[in-house]
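The block underneath contains the structure these notes are about, expressed in structure tokens.
Below, chains carry the letters A, B, ... as their sequence lines are ordered, and counting in each starts from 1.
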Amino acid sequence: MARSFIGKVAIIQFPGVNCEYETVDAVRSVGLGADLLRWNEDPALLEDALGVIVPGGFSYQDRIRAGVVSAKDHIMDKLSELAADGRPILGICNGAQVLVESGFIPGIHWERVDLALAPNVMEDREGYYCAWIHLLHGGTDCVWTSAIGNEEVVPVPIAHAEGRFTTDDVKVLEEMKKNRQIVLRYCTQAGRIDPSFPTNPNGSLENMAGVCNREGNVLAMMPHPERASWLRQVSEDLGGGWGMKRRKAGGDAGKMEAAGPGRIFFESLKIWKEGGE
Amino acid sequence: MKTEAKLWVRLKVTDLVAQTAWMTLTDKMGFAGDLCGILRYSYWAMEAEGESAGAVCEAIDREIRMDSAFTNQNKHFYSLAVSGGGDEAASGDLRIDRDFPRGECGGRIFACDLFVSEQGGGKDGGYASRLNTRLAGAKVTGIRSGEVWRILVRAEDAEEATRKVEEMAGTRSRKHGLLLNPHYQAFEFIGTTEIDGKQRSAP
């Protein structure tokens, strides 16, 4: 029987990604269908997909620059078509780098590369950085964050070396702010925006952690919600309510299978789907 | 005496990053008719003070051979050239003026050296202090670091060659440009030379 993505979320498996299976599981955890689609399969398979996720990892081993080689792949023609048509597309970490290098994000000038995800700038260290951070939600209506309250704080892990959102085009930044496209910003546990490390873990301009397009259907985010979709994935050392919940569940395998803070991004997609039915 | 030092370093084995750039430019971006080969180098342009070009060359050479932030003798070829006060000195196992990718390519061929660096200097300060901590007989007073892409293109003249390489370089949109993102990187041409088939020697 031919493969079909009708009503399912397609997780694009570029060579070198490493988060695709967790992402499939995270989508399925909210009751939606999800399957992998290899980058060199027929893009027409995506025609009736509910949405598309470009997962994290190291596509093409980050050669030349993270995300740029995947951005030139044939399958991105189809994603461009779907995105312009309003189909939900999420890029997580390396997937975010692919969407930025494709010009889908910020997408003010479609397919023009108006941003970069540059090497991290951190105090007293350089390169890859892995930690739990806090995200402050706000901005425009975005399919992928619709279940998150305005000004709500969500803890999610990051793991990257090139995650610093930046642009040398002041007008683009102004336009992004005017359109309220910066939907996720690095903040303290209490929700305060602090531009210094470690609250802003990579030196991102305006503490940007996730940027949505104006239309609200495409989101590029550096943090990994699929690594925070079950309580068992939450760090015992995490502060705040989620950390407390995790510590209380310790030793109880059943409780550990409860939802984690990152699941809300996939629940958002489900809400969007149900709203359209 | 003030001198200028240039250090070029490249892998001894096949460079998969350069191979990927080649395949992306030819197979996905339509440069198959123009592109004849690519090599990639780590590159440092330094200003250094010392007794003579020879003394500076000897001092820097001693350090870079022992510091894997610059070279690793097991996996890199390198070329160090120092000039100043009418004097020149060189070391290393790479002849940078004769290092071109091998292969067949008809027509006039130009080798364009595209230097890509991070805006704001990136790691430049770190490299300078790293060298100066141990450098004996010389002092590095300025450094610019990055990557050099040596790109061989088929063109009628040098102007056309650099124009074609510019099209391959800065990523302006999904389908245009590959080698750098202008929102945090900068580029400049540090050399454009016409070559003939006999000069093409590198693997």
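- Within the 3.5 Å criterion, the main-chain N or O of Leu25(B) finds no donor-acceptor partner in the side chain of Lys72(A).
- Glu159(B) CD: 12 or fewer foreign heavy atoms inside a 6.0 Å radius.
- By the 4.0 Å N-to-carboxylate-O rule, Arg174(B) lies too far from Glu101(A) to be salt-bridged with it.
- Within a 6.0 Å radius of CD in Glu51(B), other residues, nucleotides and ligands contribute 12 heavy atoms or fewer.
- For Gln185(B), the part sitting under 4.5 Å from any heavy atom of chain A is the side chain, from C-beta outward, and nothing else.
- Listed for the Asn181(B) side chain is no donor-acceptor partner under 3.5 Å among the backbone atoms of Ala118(A).
- A distance of 7.0 Å separates CD in Glu111(A) from OG in Ser173(B), rounded to the nearest 0.5 Å.
- A donor-acceptor contact closer than 3.5 angstrom is absent between the side chains of Arg63(A) and Thr24(B).
- Between Gln61(A) and Val17(B), every side-chain heavy-atom pair lies at or beyond the 4.5 Å cut-off.
- Residue-environment remark: CE (Met23(B)) stays at or below the threshold of 12 foreign heavy atoms within 6.0 Å.
- You'll find the side chain of Thr171(B) reaches within 4.5 Å of the side chain of Arg65(A), heavy atoms only.
- The NZ atom of Lys175(B) sits 7.5 Å away from atom OG of Ser80(A), with the distance rounded to the nearest 0.5 Å.
- Ranking Arg172(B), Lys123(B), Gln119(B), His176(B) against chain A, the residue ahead of the rest is Arg172(B), based on heavy-atom pairs under 4.5 Å.
- Put simply, CG on Leu117(A) and OH on Tyr184(B) are 9.0 Å apart, with the number rounded to the nearest 0.5 Å.
- The choice from Leu115(A), Asp62(A), Val68(A), Val69(A) that makes the most heavy-atom pairs within less than 4.5 Å of chain B is Leu115(A).
- From Ile64(A), atom CD1 reaches atom CH2 of Trp149(B) across 5.0 Å, with rounding to the nearest 0.5 Å.
- Applying the 6.0 Å contact sphere to CD of Glu88(B) captures no more than 12 heavy atoms from other residues, nucleotides or ligands.
- Residues Lys28(B) and Asp73(A) are in side-chain contact: their nearest non-hydrogen atoms beyond the backbone lie under 4.5 Å apart.
- Both the backbone and the side chain of Arg112(A) have a heavy atom closer than 4.5 Å to some heavy atom of chain B.
- Counted within 6.0 Å of CG on Asp141(A), heavy atoms from surrounding residues, nucleotides or ligands total 12 or fewer; the atom is thus considered open.
- Using a 3.5 Å distance cut-off with no hydrogens or angles, the side chains of Thr166(A) and His183(B) do not pair a donor with an acceptor.
- Among the candidates Leu16(B), Val116(B), Asp27(B), the residue making the largest number of heavy-atom pairs closer than 4.5 Å to chain A is Leu16(B).
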